[in-house]
Amino acid sequence: NSYLTNAATGDRVISGTLGVAGQRITLAENNFVSSAPLTEASKRYFGGYEGTVGKTLFRVEVSRIDRAFSFPTVGATSTAFSGPGVLSDSPNHSNDAVATATFPLGSTHLIVAGVAFHEDVVERRTSALTIWRQPETATSVNNGYDGQTRLLSAFLQDSWTPFAELTVHGGVRVDRW
């Protein structure tokens with residue numbers, strides 16, 4: 001949409017050469033076009049368990065997030081509602097899991113031991129669009145990439161309370177990519 005109007009006729013101006021604040025500028029209709037609509041959606045899944053066996057507390061947590069993300073980019077010769085463009089589509093997901101065991105060791109130590117897993121996956125594609133506002137007009141995949149990151153961790157923590165007024169925390173963690 002343009003808020004510029006022709007002073008003589010009152011018509012809306014979306015392209016051409018005109019004077020603004022004493023300077024001549026050239027406008028094209030696509031100067032007023034944004035790459036909307038952007039689409040983004042997420043689905044999240046969570047689960048967990050917590051239970052005690054003897055003096056040991058066991059906890060397991062798992063989650064997954066599925067994301068859909070895409071947007072068009074306006075071509076240089078496009079107008080507000082037609083013309084070519086590019087569709088960027090980046091579906092991705094993340095998986096997480098953590099399992100811990102927490103137990104006392106004697107009367108002054110509380111031990112937490114566990115493992116964790118994290119994974120990110122993306123499948124990005126860019127496609128040529130015949131009409132930039134209509135994703136169903138995609139004609140070919142121009143480029144893309146697939147990516148995956150995995151992280152596996154193990155950890156051990158000790159909370160030592162030598163007397164009521166002092167607790168010392170220490171631990172170690174090992175990560176593998």
What I'd like to find out is whether the side chain of [X] reaches to under 4.5 Å of the side chain of [Y], using heavy atoms alone.
X: Thr126; Y: Val141; answer: no
X: Pro72; Y: Arg133; answer: no
X: Thr52; Y: Phe58; answer: no
X: Arg64; Y: Arg44; answer: no
X: Asp66; Y: Tyr45; answer: yes
X: Tyr145; Y: Val122; answer: yes
X: Arg124; Y: Ser88; answer: yes
X: Glu50; Y: Leu57; answer: yes

* **Audit row: Thr56, Thr102, side chain to side chain contact (heavy atoms under 4.5 Å, CB included) steps and yes/no** => CA-CA 6 Å; Thr56 302; Thr102 304; over 6 Å; no
* Structure fact -> One should read off an interatomic distance between Asp120 CG and Asp96 CG, to the nearest 0.5 angstrom, of 7.5 Å
* To do: List the steps, then state whether side chain to side chain contact (heavy atoms under 4.5 Å, CB included) holds for Arg150 with His118.
  => CA-CA 6 Å; Arg150 286 186 178 153; His118 176 79; over 6 Å; no
Is there a chain of hydrophobic side chains (I, L, V, M, F, W, Y, each step under 4.5 Å between heavy atoms) that links [X] to [Y]?
X: Phe117; Y: Val62; answer: no
X: Leu110; Y: Val168; answer: no
X: Val112; Y: Val172; answer: no

* Run the salt-bridge test on Arg125 and Asp146 with the 4.0 Å N-O cut-off and return the result as yes or no. => yes
* Does the side chain to side chain contact (heavy atoms under 4.5 Å, CB included) test come out yes or no for Arg67 and Glu40, once each step is laid out? -> CA-CA 7 Å; Arg67 297 175 203 88; Glu40 185 173 2; 5.7 Å; no
* Asked: Which pair of heavy atoms, one from Val74 and one from Ser78, lies closest together, and at what distance?
  -> CG1-CB, 3.6 Å
* Structure fact -> Looking only at heavy atoms, the pair that brings Leu129 and Pro135 closest together is CD2-O, 3.7 Å
* To do: Return yes if a side-chain donor-acceptor contact under 3.5 Å exists between Ser153 and Arg176, otherwise no.
  => no
